[in-house]
Number of protein chains: 2
Amino acid sequence: MDKQSIYDDLKKRILTLELEPGTALDEASLSKHYQISRTPLREVLRGLAGEGCVEIVNNRGAYVSSMSHKVLRDFFITAPMIYSAIGRLAAQNAKPAQIQEMSEIQEKFRAAIESGSSADMVYWNQCFHALMGEMADNPYLKPSYDRLLIDHARISQTFYRPRDPEMSKRNIDALAHHDQMIGAIESGDSQAIVDLIVEHWELSRDLIEYFVKPDPLAFEMAAVNE
Amino acid sequence: MDKQSIYDDLKKRILTLELEPGTALDEASLSKHYQISRTPLREVLRGLAGEGCVEIVNNRGAYVSSMSHKVLRDFFITAPMIYSAIGRLAAQNAKPAQIQEMSEIQEKFRAAIESGSSADMVYWNQCFHALMGEMADNPYLKPSYDRLLIDHARISQTFYRPRDPEMSKRNIDALAHHDQMIGAIESGDSQAIVDLIVEHWELSRDLIEYFVKPDPLAFEMAAVNE
DNA sequence: TCAATATTAAATGTATACAATATGTATACT
DNA sequence: AGTATACATATTGTATACATTTAATATTGA
């Protein structure tokens, strides 16, 4: 397994919460697991730290980056601005080959939703939005955008409930948004893509609110007053 | 010299253009220069790559990141949005100790301008704006902001002419902006800081335009027609 | 002479051994 | 008993030797 594959594998395990926020990433165990020496493994961990997946503390090793309330708040403040900017630039700069690739990813995403595979949904959704970042082709926005996507995936996983029928409905909506986004990018319609991204964002935000502020459990007032 | 110092030193040399864009960063030479083995030096280079100072090509080493026309364009597109957002957040979140520190940095900056030391001006200006990024305290915006600051310093250096009287005038203006920014942050005035940042940005932008589109050299039409 | 291939030198990439640091445990002391 | 200190263990950080890849040069053939 080469370094890039190890990088991708670790990132995937962090995004899917298989490695939960705060988990210690022990160099010896990982290098044994991936059958590679500690030197290149350390470089992988430091690479992931640069992307925000991992936090490194001096002389105390690497940890999967945390997801505090503060982080959640910053995420809600920041995502709409960056997502809109990336979308606008993507509509302006997307190359035909990238649009083709995006269509293919979208079909994989559609298949994942139809099959109900939660891990695949997260993965192909991630690919879709990461590709939009590539289309935007702006080295200054990319690091922030990528970091937002990482936490977006983790937050979504946290609040996703595969058995809730409300989820299927939202997935269908998200899928439709993606289709429309591809159309807007093809026609280079900046305003359309920004509108779609705002709509898509609100879907995601509402999903999270839906679970942060759920309906209280049923209870009998009479029983309490007895 | 410890790893952090080496990191800082290299970053400073890149910012001040002592190490020009595209310069190859040879591991052996650098490790000899800093009296450290290649292993930790490689980690430093990869750290700088994560920040955007350095580009690493597989099996071909590290280079000071380039400054193409494309980069310049992306810089102009992106900086106003991120700078404004950071400024707004700084006004909202700055801690008293940080405001104190900013005042101290500003005095160093003032001294640098009065003494006319170009390198010190770049350095303390960088510190001022980097601290504003700390005040904003937003992990999603920070990586983009830091990358913008790096290239902002390099672009400014490229177009700075210490002997031009126009420069001194602009320096005085920049200094005044900084003073006003500290005031706006102290009073938590978001609107004021955004206005100041836009003004400050325009100063910087005009400076660059002033040298990208200079007045043509004098010539005699008559001579051409002879 | 030019092109293609083989060889060689120099660089990066990896493994491993050793050093420094941090944590946990045991022991001594108040 | 509780705290502090000393020691032991485990983990990270660094140096160095070796492997691999790249690039430059030399050599051979047409």
Side-chain angles (χ1 to χ4, degrees), chain A residues 1-14 17-68 139 143 146 150, chain B residues 1-14 17-68 139 143 146 150:
Chain A
M1 204 168 189
D2 73 339
K3 217 156 59 158
Q4 186 60 49
S5 312
I6 294 170
Y7 189 100
D8 294 341
D9 187 63
L10 272 173
K11 185 171 171 180
K12 194 168 181 176
R13 289 166 70 187
I14 291 170
L17 298 178
E18 181 192 330
L19 294 169
E20 293 179 25
T23 307
L25 298 170
D26 175 59
E27 293 179 4
S29 320
L30 285 174
S31 70
K32 191 178 174 186
H33 176 258
Y34 287 117
Q35 293 286 305
I36 198 175
S37 81
R38 276 178 56 221
T39 311
L41 185 87
R42 278 169 69 88
E43 293 190 351
V44 168
L45 289 177
R46 269 144 189 82
L48 289 166
E51 222 184 333
C53 290
V54 159
E55 282 161 16
I56 288 174
V57 187
N58 251 3
N59 293 314
R60 291 190 51 187
Y63 298 83
V64 176
S65 63
S66 58
M67 293 285 299
S68 62
D146 287 345
I150 290 164
Chain B
M1 205 170 189
D2 73 341
K3 218 157 57 161
Q4 186 59 49
S5 311
I6 295 169
Y7 189 99
D8 294 341
D9 187 62
L10 273 172
K11 185 170 172 183
K12 194 168 181 175
R13 288 167 69 187
I14 291 171
L17 297 177
E18 180 191 331
L19 294 169
E20 292 179 27
T23 306
L25 297 170
D26 176 59
E27 293 179 3
S29 322
L30 285 174
S31 70
K32 191 178 173 188
H33 177 258
Y34 288 117
Q35 293 286 306
I36 198 174
S37 81
R38 277 178 54 223
T39 312
L41 186 87
R42 280 168 66 88
E43 293 190 350
V44 168
L45 289 176
R46 271 145 187 80
L48 289 166
E51 221 184 334
C53 291
V54 159
E55 283 161 16
I56 288 174
V57 187
N58 250 3
N59 294 316
R60 291 190 51 188
Y63 298 83
V64 176
S65 61
S66 58
M67 292 286 301
S68 62
D146 287 344
I150 289 163

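Please read these numbers as outputs of a predicted model, since none were measured by experiment. Numbers restart at 1 for each chain; the letters A, B, ... are given by sequence-line order, proteins then strands.
Taking atom CG of residue Leu45(B) and atom P of nucleotide dT12(C), one finds them 9 Å apart after rounding to whole Å. If you take CG of Asp2(B) and C1' of dT21(C), they are 15 Å apart, rounded to a whole angstrom.
Under the 4.5 Å side-chain criterion, counting only non-hydrogen atoms from C-beta, Met1(A) is not in contact with Ile36(A). At a threshold of 4.5 Å between non-hydrogen side-chain atoms, the residues Leu17(A) and Pro21(A) count as touching. Using a 4.5 Å heavy-atom threshold, the side chains of Thr39(B) and Arg42(A) count as separate. Between Leu48(B) and Lys11(B) there is a side-chain heavy-atom pair separated by less than 4.5 Å.
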If you restrict it to nitrogen or oxygen atoms, what contacts under 3.5 Å exist between nucleotides 23-25 of chain C and the protein, and what is each distance?
| residue | atom | partner | partner atom | Å |
| --- | --- | --- | --- | --- |
| dT23(C) | OP1 | Arg60(A) | NE | 3.0 |
| dT23(C) | OP1 | Arg60(A) | NH1 | 3.1 |

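The stretch residues 57-67 of chain B participates, sequence neighbours left out, in these side chain to side chain donor-acceptor pair (under 3.5 Å) pairs: Ser65(B)-Arg154(B).
Under 4.0 angstrom from either OP1 or OP2 of dG13(C) there lies at least one side-chain N or O belonging to Arg42(B).
Taken to the nearest 0.5 Å, the CG atom of Leu30(A) stands 6.0 Å off from the CG atom of Leu10(A).
Using modelled atom types, one finds a donor on one side chain and an acceptor on the other under 3.5 Å when comparing Asp2(B) with Ser5(B).
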>> Quick one, Asp9(A) with Arg13(A), criterion salt bridge (Lys or Arg N to Asp or Glu O under 4.0 Å). Give me CA distance, side-chain angles, the key distance, then yes/no.
In response: CA-CA 6 Å; Asp9(A) 187 63; Arg13(A) 289 166 70 187; 3.8 Å; yes
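Position along DNA chain C of the nearest nucleotide to Thr39(A) versus Asp26(B) favours Asp26(B) as the more 5'-ward residue.
The footprint of chain B on DNA chain D, defined by a heavy-atom cutoff below 4.0 Å, extends from dT14(D) to dA23(D).
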